[in-house]
Student: 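Below you will find the structure I want to go over with you.
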Amino acid sequence: MGTASSLVSPGEVIEDAYGGEGGEACEIPVEVKPKARLLRSSFRRGPRVIGASFKSTGSVDLEYTAEYERLRKEYEIFRVSKNNEITSMQKKEAKLDEENKRLRAELQALQKTYQKILREKESALEAKYQAMERAATFEHDRDKVKRQFKIFRETKEKEIQDLLRAKRDLEAKLQQLQAQGIMVYDPDDSDDDDNHTTVTAAGTPCDYWGGGVLGSEPSMGSMMQLQQTFRGPEFAHSLCDVEGPFANVSRDDWDAAVASLLQVSPHVSQALWSNTVRCYLISTQETQAELDIFTQSYSPRLRSLCEGLGHFYLNVCFPEESAASYALERRQEMERSSVCVFSVAPSLLCVLEDAEEAFVKNPDGHPLVLYLRTVEAHPLSGPTRQLLERVNAADKAAKVKVVDHGGSPEEGASMIYTQLEKVIKQELLGLEGSDVDGKDSGIDEGREEDSGDVLWDLHDEQEQIEAYQQACSAAAQLGFQKYIDRLNDMVAAPPPTPPLLVSGGPGSGKSLLLSKWIELQQKHSPNTLFLYHFVGRPLSTSSEPVLIIKRLTVKLLQHFWSISGLSMDPSKILEEFPRWLERLSSRHQGNIIIIIDSIDQIQQAERHMKWLIDPLPVNVRVVVSVNVETCPQAWRLWPTLHLDPLNPREVKSVINTECLAADVKLTKDQDKKLERHCRSASTCNALYVTLLAKMITNCRCAWSLEKTLEQCLLCQDTMSLYSLGLKVALDSLSTDGERHMLCLVCASHNGVSESEVLAVFPDLGLPVLSSLLYTLQRLCIVGLGCGLIRFQHLQAAEAVRLEFMDGGTCSPAYREKLIHYFSQQLSQDRVTWRVADELPWLLQQQEDRAKLQLSLLNLFVSQNLYKRGHFSELLAYWQYVGKDKSSMATEYFDSLKHYEKSCESEDSMIRLGNLYETLGRFLKDLGLLSQAVAPLQRSLEIRETALDPDHPSVALSLHQLAGVYVQWRKYGNAEQFYKQALEISENAYGSDHACVARELDSLAMLYQKQNKYEQAEKLRKRSVRIRQKTARQKGHMYGFTLLRRRALQLEELTLGKDTADCAKTFNELGVLYYLQNNLEAAKVFLTRSLEMRQRVLGPDHPDCAQSLNNLAALHTERREYETAEDMYERALDIRKRALSPDHPSLAYTLKHLAMLYKRRGKLEKAVPLYELALDIREKSFGPKHPSVATALVNLAVLYCHLKKHSEALPLYEQALRVYEDSLGRSHPRVGETLKNLAVLSYEEGDFEKAAELYKRAMEIKEAEPSLVCGKAPSRHSSSGDTFSLRGPAPLPHAPR
């Protein structure tokens, strides 16, 4: 028998007996060595069998198969376990890798921390070495100061000995002269030390210790006083004394006087009612031909003249056949008219009423032009002659301009135009010359002179003033006293104070409350600076955040006589406002209150008003009003004053007041209906109640009172009531032009003017438009502001949009009408502010990018927007078109090149130079310096060629070019241009002009950048002197004009019987004439005020004390000291008996009487008065108030005069602590107090302490933040408690 392999033949196929399925044949090789080895290895395990059979061999194979299977299973188990171990090891490896990475990251962090600590250590060591160097330098300086003090002391002691000897010699000579009977001049009769600086023994004014070398300083033996500057008559100096608008201002401080006058008298009538020259035309049938010729041929010239200067022009004429039906409208238009023209002929018919009203009853109301057409064949009729006699009798001031003409109507119309043009230019617009056309550049330059490089829009300012005045007049009948008291308490809270939030629903009276509060605060706190802004409807100019912040910044800077250094970049304006507020608030002696009404209507208010959430300066308060529904969530955490709906008593008061004014009587049943109706939140709303009262009293012509009341009671909210008012106002009219007018207003950007409405809808007619506006104004739907028809409230605009414009779907059609009108007005060389305001905005709303780009490339449109400061608006238009800054600059430059080809005349070349300069400034403000150089250089070339190389306009181009080179840090080129501009300005204007000061400031800043501090300081000092001089000159001219106008208005109020109000007016007139240096007239009015108050109120009334105070101040001015002292003592006696012991008015009288005692040398009598005034101030304001510190300093000065240095020292130290805690350690008053302490320490012999105090005082002076103009706060601040920090240099008084 052989092996198993021999049983199978090569290539033979057998069945696989171990297959899972069976039946599959496979080819088995002849030799299967692995199997043979396996069998042999298996057979070796047992006894070897010799000669085994096939059967025995198969059985052995089967036995070892089981063993194989067992081993295979063990192997599988072993393999699985090892695989699991491998997997586990891999997981551990991954975990260790992660741990390794974490440890490496920690190691890197530790390495970084180590490096940081190492750097900090090195920095600390460096700082230590620097500190040691500074300490060594300080020691060196200290030793130097000691040596200088020693030299100074020895020198001055010798001088004192010499002066004492000279004094003894002079006294001996004086005694000899007196013995001979010669009268000697008494220095006490001269101007006192309250108005001039204290003079040292050497005769040197001890004004400021101004140099670094003490050896050259005046004698420190004379005490430098913080003394009260004499301010003039007392006039409403605190919250407790509110008898007038002035707060003890001085005639030498016109900025304070005029600011006080304008703050408290915002209702001074202006020559132009709402920015419109309204020419009221009265004519007869015989002079109708002249009127028609004037209207057609000459009115467009007057309109062009007025619009070129930023005003509107409107002819107001009621046809004779329909004049009787417009009686109320005629009276209202006559009151609003700027000038009245009466064309009279020999016969006189129905124009008698208007002529009587304008020329006889109110001849001083406005300029009058009388055109008299004389015909030889037709003498004047009886009524005409009588009317002319009455006009002549009423014209006491000879104000009527008479044009007597007997020729053709064309010549008569020309004569009317000539006279009217003269009146408009000289009396209404204040232009000296007669030629205004073609002087746009000059006007612009003049405006820029006043404001430096800051671009300012007067229309925005006038819009805000008119909004404030209208709100003040509307708020008179609403009871806001409880809210005003709470606002006062919130504003008076100690700092830091977040913004105060006035919230309420739409129409709850937020704007009216803020206006009334501002008006009262301006009267009660004249030393407080108010900056307010009333936001109009969304998307209007008044809601543009950049323009709002820029306006507030400019108003803040104007208060300090400087608006230079303000950036025009929109992002920088928003960013720099908090810094300006911080810098200027430290210079203001009173509080600064910022009021922004409807702040939630500002576009992206939270993002643009981020400065509100930053800490405010200690003397700054911010009050904002919001709609309670749209108030941002972050602002709701601020202190909030919520306006509740009106209670039944307030509702009844509003309705009864309106009914009483209109002579309407409601029955008890109607009163009860109204009371039941006005109980819900929507019907107790202030706007709803006001509108309801207006509807009841003004709708009687259309409906009966009962029907009106019935219809009104069906309206449950303000929107439905507005819809009813629109229906009542418009249903009685025959045409649709009235509805179109309201839709036109709704579709415009900022409103439309009356002349624009009449131009777009010529069929409307002025009488109908006037009647419509009269009705809509009475119903609180529209109003006139800055010459534009606007909606009085957002809900009125919404009602018009829903009623007449299908929810706004008709807006594009009305915008197209406006676009067509303004496109016709657009000309290549002259663009009005209205075209620039409206046309680009309308095209943007219509999404017409192509036409918008064409309008922007009209260079005069862009120039108008830029020069009025609408910088951000212009950029927004270009961004909407899809142009970046560089491509925009290229477009402008190409457009200018194209325009230059058409310029041939000299005037066109001048305008071209202005355009190039505007483009260069615009690009410079954008930061595109390389592109700004080319237009500025081209402007310079054109002006040098077309004008003259020494013309002032050339200096403007040089100034702007120098500014570009300064930003480029090419200081050599900039210095050359600035010096050329300075030379041209000095040759053209003289050495004391504002343009010269501007160039000096620019050069000083340039030298400062180059570290040439000495040269910069010299130029800056010269600039300051020029600006102060020009400010005084402007103040005198501007102030006299306003004061005279206000005095004339007040004189009209003094014609009635003896009343307290009449006495108050006499008192105010006395102060006004005092400010005009008319002391005789002031004495007359103040005496009459005192006598009337004594008759009406009694001799012991506090108002009599005020009149005595004013008269005493007047006698002090006239050096009648005995009379003044008697009156002050009488006033003090009255106030002691009438007022509480801690009343601020009592402290005021004590202060002035003490000043008078000190002036007359009665120091012992002045001390108890100063001490009592100090006690009153501590009780009134608290011991930490700056006013208390001022009183402490003045008392200390008095003690020093009495040589009571030990009593003066603690007062100075206490005042210093109060000033440092309340005003900061770097405030100028701290420096002045330190100087006084230095003087006192020197007097006590502590020279080392004196040197240290003096050095710190000089550091404060040098580190004091200076504005470009350099003007410090007014010494005659309107605060009734502001003391002069240094003796003012004597200024020349105006001649009396």
Side-chain angles (χ1 to χ4, degrees), residues 271-273 276-306 311-320 323 326 329-374 380 384 387-388 390-392 394-395 397-429 754-755 758 766-767 770:
L272 304 182
W273 190 87
T276 305
V277 177
R278 309 175 78 87
C279 182
Y280 194 92
L281 303 174
I282 309 172
S283 67
T284 61
Q285 291 181 353
E286 288 84 352
T287 58
Q288 187 63 38
E290 286 91 336
L291 181 63
D292 293 340
I293 295 172
F294 170 79
T295 304
Q296 295 173 4
S297 303
Y298 296 103
S299 289
R301 301 185 191 178
L302 294 177
R303 182 176 297 108
S304 176
L305 166 68
C306 295
H311 307 289
F312 297 106
Y313 176 84
L314 184 66
N315 284 327
V316 180
C317 181
F318 290 87
E320 188 176 351
Y326 295 105
E329 289 80 0
R330 283 160 47 208
R331 185 177 300 110
Q332 184 187 41
E333 289 293 345
M334 197 169 296
E335 292 175 356
R336 296 177 176 178
S337 62
S338 308
V339 59
C340 188
V341 179
F342 179 27
S343 303
V344 64
S347 62
L348 191 65
L349 297 177
C350 65
V351 299
L352 181 61
E353 182 180 350
D354 288 353
E356 285 273 355
E357 181 70 27
F359 285 77
V360 179
K361 296 181 181 179
N362 188 25
D364 297 328
H366 33 240
L368 303 172
V369 176
L370 178 64
Y371 172 73
L372 180 60
R373 182 177 180 185
T374 57
L380 297 176
T384 304
L387 175 61
L388 293 179
R390 292 197 298 273
V391 169
N392 188 43
D395 185 26
K399 292 185 177 180
V400 178
K401 281 77 176 175
V402 180
V403 179
D404 193 355
H405 177 62
S408 64
E410 291 79 6
E411 295 175 353
S414 176
M415 295 175 68
I416 293 175
Y417 164 73
T418 302
Q419 188 63 48
L420 200 55
E421 182 187 32
K422 184 178 179 181
V423 169
I424 290 174
K425 288 181 179 180
Q426 295 183 359
E427 298 188 31
L428 299 183
L429 303 183
E754 296 164 275
S755 56
L758 293 174
L766 183 109
S770 178

Student: Do Y280 and R336 pass the side-chain contact (heavy atoms from CB on, under 4.5 Å) test, and can you show the C-alpha distance, the side-chain angles, and the key distance before you say yes or no?
Tutor: CA-CA 9 Å; Y280 194 92; R336 296 177 176 178; over 6 Å; no
Student: Which value, rounded to the nearest 0.5 Å, describes the distance between S283 atom OG and F294 atom CZ?
Tutor: 11.5 Å
Student: For the pair I282 and F318, evaluate side-chain contact (heavy atoms from CB on, under 4.5 Å) and give the outcome as yes or no after the intermediate values.
Tutor: CA-CA 8 Å; I282 309 172; F318 290 87; over 6 Å; no
Student: List the steps and the verdict of side-chain contact (heavy atoms from CB on, under 4.5 Å) for L758 and L314.
Tutor: CA-CA 10 Å; L758 293 174; L314 184 66; 4.1 Å; yes
Student: Using every non-hydrogen atom in the two residues, find where P767 and C317 come nearest and quote the distance to one decimal.
Tutor: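 So the minimum-distance heavy-atom pair works out to CG-O, 4.1 Å.
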Student: Carefully, step by step, assess E333 and S770 under the rule side chain to side chain donor-acceptor pair (under 3.5 Å).
Tutor: CA-CA 8 Å; E333 289 293 345; S770 178; 3.0 Å; yes
Student: Begin with the C-alpha distance, continue with both residues' side-chain angles, and end with the deciding distance and a verdict on side-chain contact (heavy atoms from CB on, under 4.5 Å) for Y313 and C279.
Tutor: CA-CA 8 Å; Y313 176 84; C279 182; 3.7 Å; yes
Student: To the closest 0.5 Å, what do you measure between CG (L291) and CG (N315)?
Tutor: 8.0 Å
Student: Donor-acceptor pairs under 3.5 angstrom involving side-chain atoms of residues 410-419: please list them, not counting sequence neighbours.
Tutor:
residue : atom : partner : partner atom : Å
Y417    : OH   : E421    : OE2          : 3.4
T418    : OG1  : S414    : O            : 2.9

Student: How many angstroms lie between atom CZ of R278 and atom SG of C340, to the nearest 0.5 angstrom?
Tutor: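 Answer for the CZ-SG pair, R278 versus C340, is 13.0 Å.
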Student: How far apart are the closest heavy atoms of R301 and S297, and which atoms are they?
Tutor: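 That closest heavy-atom pairing would be NE-O, 3.9 Å.
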Student: Rounded to the nearest 0.5 Å, what separates atom CG in L302 from atom CD1 in I424?
Tutor: 4.5 Å
